[in-house]
Amino acid sequence: MTRSMPSVQQADIIIIGAGVIGISIALQLQQQGKQVLLLDNQDPNARTSIGNAGAFAFSDIIPLATPGIMAKAPKWLVDPLGPLSIPASYALPILPWMLHFWRASWADRYQSSLTAQASLMQLSKAALDRQVLTTHAEHLIRHEGQLQLYQGQAEFEESLSGWRTRQEHGVTCELLTNQADIADIQPGLDSSFTHAGFTPEWKNTTHPEAWLNHLSRTFFSGPGQVLHDHASSLKLKDNGVHIKGQKNDYFAPQVVVSAGAWSKALATSIDDSLPLETERGYNTTLPAGAFDLRTHLIFSNHGFVVTKVGEQIRVGGAVELGGLALAPNYRRAKLLLDKATQFLPSLNPTGGQQWMGFRPSMPDSLPVISPSGQSKRVVYAFGHGHLGLTQSAGTAELVCDLLLGKSPRIDLAPFSAQRF
């Protein structure tokens, strides 16, 4: 009996991953007249693009790997519910990533990462404006600013170097040392919060799922196409790239890998070794009316945010470096909600829905926006950590430049797949 061979789907460009990065790239290429096929596994557990805080956090230019941070590392293993933790069972697998993280925290690497991140943020901010205009999406943007809160003078003074760094890179901010001024922006805070930094130009989408759906509908209103399949490996050919899927095989002269935390396996299949890990983020989304929230709140010293999602309230954050396979630890979501109830005394914490998502994270907090080290026919766009939504429009413009042979709009050396 002759075994039938799987069909081979073809397109000018295939993008693996239809999250906010992938769909933004697809739209940008479509506007350049390219025939684009999106390949997505449609796994609801993989949809980090719809479970996030909905923030365009252009002021978040400071990398996670700051000088001196490794002195805090021993605490991560003994506090499984801390703002940045590593499950004990994942301590050995995460070790190579941690070594890169340690090197990224040295003063020289930190400064270069900071400069590169600020450059990408500046581009992404302008690119979002262009994306909003071309996709008619202004109705999905909130202009309510962001308030970063501190308990006491000492916490506030410790934050000042970070605020100075943001100001040096063009971030508009107001430093508040009067509780009445803070209450004018957001009433209902616990009295322990005495100081704050306010970034009035901060934007949010009204709802991250609505944002992704709007971009997707815009793409599909043209000749855009999506196929639901799991891409398991890549194979380089002289004239293009072969993609092995669970249902079918695929071929294109150019391929973009934007599969988030699942991108590492695809890169490995063509012998690119990249230290991509997974930030597991947790949140609880509360029903409408849970709190009168007027701006995006960040409790930075506790590792979580409170934000509006539609008319609902989402409490989430923290970083758990735990890979893709470990079961969720929803005690982390509960702890964040308990803290939010303490910090916002009128918050109603009942009726919430918990969620955990996988953020693709590189040790230096910079994404990979780069051709593969093996072939320029494969372009990588992953590793944005918790800044995927923020940097999606900017990443799309840069990937389009790479695919079309144009000079990139910023220096892409810091984002190279070969930088490690």
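Reckoned from all heavy atoms, side chains included, excluding hydrogens, waters and symmetry mates. The residues of the chain are indexed from 1 along the displayed sequence.
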Fill in: Asn283 (side chain) donor-acceptor with Gly51 (main chain) under 3.5 angstrom
yes
Discussion item. For Ser161, give me all partners under side chain to side chain contact (heavy atoms under 4.5 Å, CB included), at least two apart in sequence or on another chain.
Written reply: Arg164
Response to the item:
So side chain to side chain donor-acceptor pair (under 3.5 Å) across residues 13-30, not counting sequence neighbours, yields Ser24-Gln131
Discussion item. With heavy-atom distances below 4.5 Å as the criterion, would you say the side chains of Asp40 and Leu38 are in contact?
Written reply: no
Discussion item. Pair Phe304, Tyr282 - check ring pair (Phe, Tyr, Trp, His ring centres under 6.0 Å), show working.
Written reply: CA-CA 9 Å; Phe304 75 98; Tyr282 293 83; over 10 Å; no
Discussion item. Determine whether the aromatic ring centres of residues Phe193 and Phe343 are separated by less than 6.0 angstrom.
Written reply: yes
Worksheet item: For residues 224-255, which residue pairs qualify under ring pair (Phe, Tyr, Trp, His ring centres under 6.0 Å), counting only residues two or more places apart or in two chains?
Response: none
Item to complete: State whether the side chain of Asp229 and the backbone N or O of Lys247 hold a donor-acceptor pair below 3.5 Å, judged by distance alone.
Response: yes
Discussion item. Can you tell me if Gln225 has over 12 outside heavy atoms packed within less than 6.0 Å of its CD?
Written reply: yes
Discussion item. Between Thr48 (side chain only) and Gly357 (backbone N and O only), is there a donor and an acceptor less than 3.5 Å apart?
Written reply: no
Worksheet item: Is any side-chain heavy atom of Thr390 less than 4.5 Å from a side-chain heavy atom of Asp60?
Response: no
Discussion item. Check whether Ser263 reaches the backbone of Ser258 with its side chain - one donor and one acceptor, N or O, closer than 3.5 Å.
Written reply: no
Fill in: Within-4.5 Å side-chain heavy-atom neighbours: Thr295 and Phe198
yes
Worksheet item: So, does Arg359 use its side chain to make a donor-acceptor pair with the main chain of Asn52 at under 3.5 Å?
Response: no
Item to complete: Can you tell me which residue pairs pass the side chain to side chain donor-acceptor pair (under 3.5 Å) test with a partner in residues 90-99, sequence neighbours excluded?
Response: Tyr90-Glu277
Fill in: Over 12 non-hydrogen atoms of neighbours within 6.0 angstrom of CZ in Arg331
no
Worksheet item: Can you check whether Leu286 reaches Leu337 side chain to side chain, under 4.5 Å on heavy atoms?
Response: yes
Fill in: Note: Lys244-Asp249 ion pair, threshold 4.0 Å (strictly below)
yes
Worksheet item: With Asp184, which residues qualify under salt bridge (charged side-chain N to carboxylate O under 4.0 Å, His left out), at least two apart?
Response: none
Fill in: Trp262-Phe358 aromatic ring centre distance below 6.0 Å
yes
Worksheet item: What pairs meet the salt bridge (Lys or Arg N to Asp or Glu O under 4.0 Å) rule with one or both residues in residues 85-94, with sequence neighbours excluded?
Response: none
Worksheet item: Side-chain contact, heavy-atom cut-off 4.5 Å: Glu158 with Leu160?
Response: no
Discussion item. Has Ser119 got a side-chain atom pairing as donor or acceptor with Thr115's backbone, closer than 3.5 angstrom?
Written reply: no
Discussion item. Are Leu176 and Leu147 packed together at the side-chain level, in the sense that at least one heavy-atom pair is separated by less than 4.5 angstrom?
Written reply: yes
Discussion item. Surrounding CD of Glu311 (heavy atoms of other residues, nucleotides or ligands, distance under 6.0 Å), is the total greater than 12?
Written reply: no
Fill in: Pairs meeting criterion side chain to side chain donor-acceptor pair (under 3.5 Å) with involvement of residues 136-147, two or more places apart
Glu138-His143, Glu144-Lys308, Gln146-Thr199
Discussion item. Once you measure the plane-to-plane angle for Trp106 and Trp102, does it fall in the parallel (<30°), tilted (30-60°) or perpendicular (>60°) bin?
Written reply: perpendicular
Discussion item. Can you confirm whether more than 12 heavy atoms, excluding those of Gln353, are under 6.0 Å from its CD atom?
Written reply: no
Worksheet, complete the sentence: For Asp129, the salt bridge (charged side-chain N to carboxylate O under 4.0 Å, His left out) test, sequence neighbours excluded, returns Lys203
Worksheet item: More than 12 foreign heavy atoms under 6.0 Å from NZ of Lys339: is that the case here?
Response: yes
Worksheet item: Which residue pairs pass the side chain to side chain donor-acceptor pair (under 3.5 Å) test when at least one of the two sits in residues 411-420, sequence neighbours left out?
Response: Asp364-Arg419
Discussion item. Could you check whether atom CD of Gln374 has more than 12 heavy atoms from other residues, nucleotides or ligands sitting under 6.0 Å from it?
Written reply: yes
Practice prompt. Spell out, as yes or no, whether a donor-acceptor pair under 3.5 Å connects the side chain of Gln117 to the backbone of Ser365.
Written response: yes
Worksheet entry | Residue pairs, two or more places apart or on separate chains, that pass ring pair (Phe, Tyr, Trp, His ring centres under 6.0 Å) and touch residues 372-400 | Tyr380-Phe382
Worksheet item: Okay, side chain of Glu397, backbone of Ser124: is any donor-acceptor separation there less than 3.5 Å?
Response: no
Worksheet entry | Stacked cation flag Arg166 on Trp163, 6.0 angstrom / 45 deg | yes
Discussion item. If the condition is ring-ring contact (aromatic ring centres under 6.0 Å, His included), which residues does His100 pass it with, not counting sequence neighbours?
Written reply: Phe420
Worksheet item: Only one of Leu39, Val241, Val257 clears side chain to side chain contact (heavy atoms under 4.5 Å, CB included) with Ile14; which?
Response: Leu39
Fill in: Side-chain (Thr205) to main-chain (Leu140) donor-acceptor, under 3.5 angstrom
yes
Discussion item. For a quick check under 3.5 Å, do Trp211 and Asn213 share a side-chain donor-acceptor pair by atom type?
Written reply: no
Fill in: Residue list, side chain to side chain contact (heavy atoms under 4.5 Å, CB included) with Ala118, at least two apart or on another chain
Ile61, His169
Discussion item. If you define the side chain from C-beta out and look only at heavy atoms, does anything of Leu398 sit under 4.5 Å from Leu123?
Written reply: yes
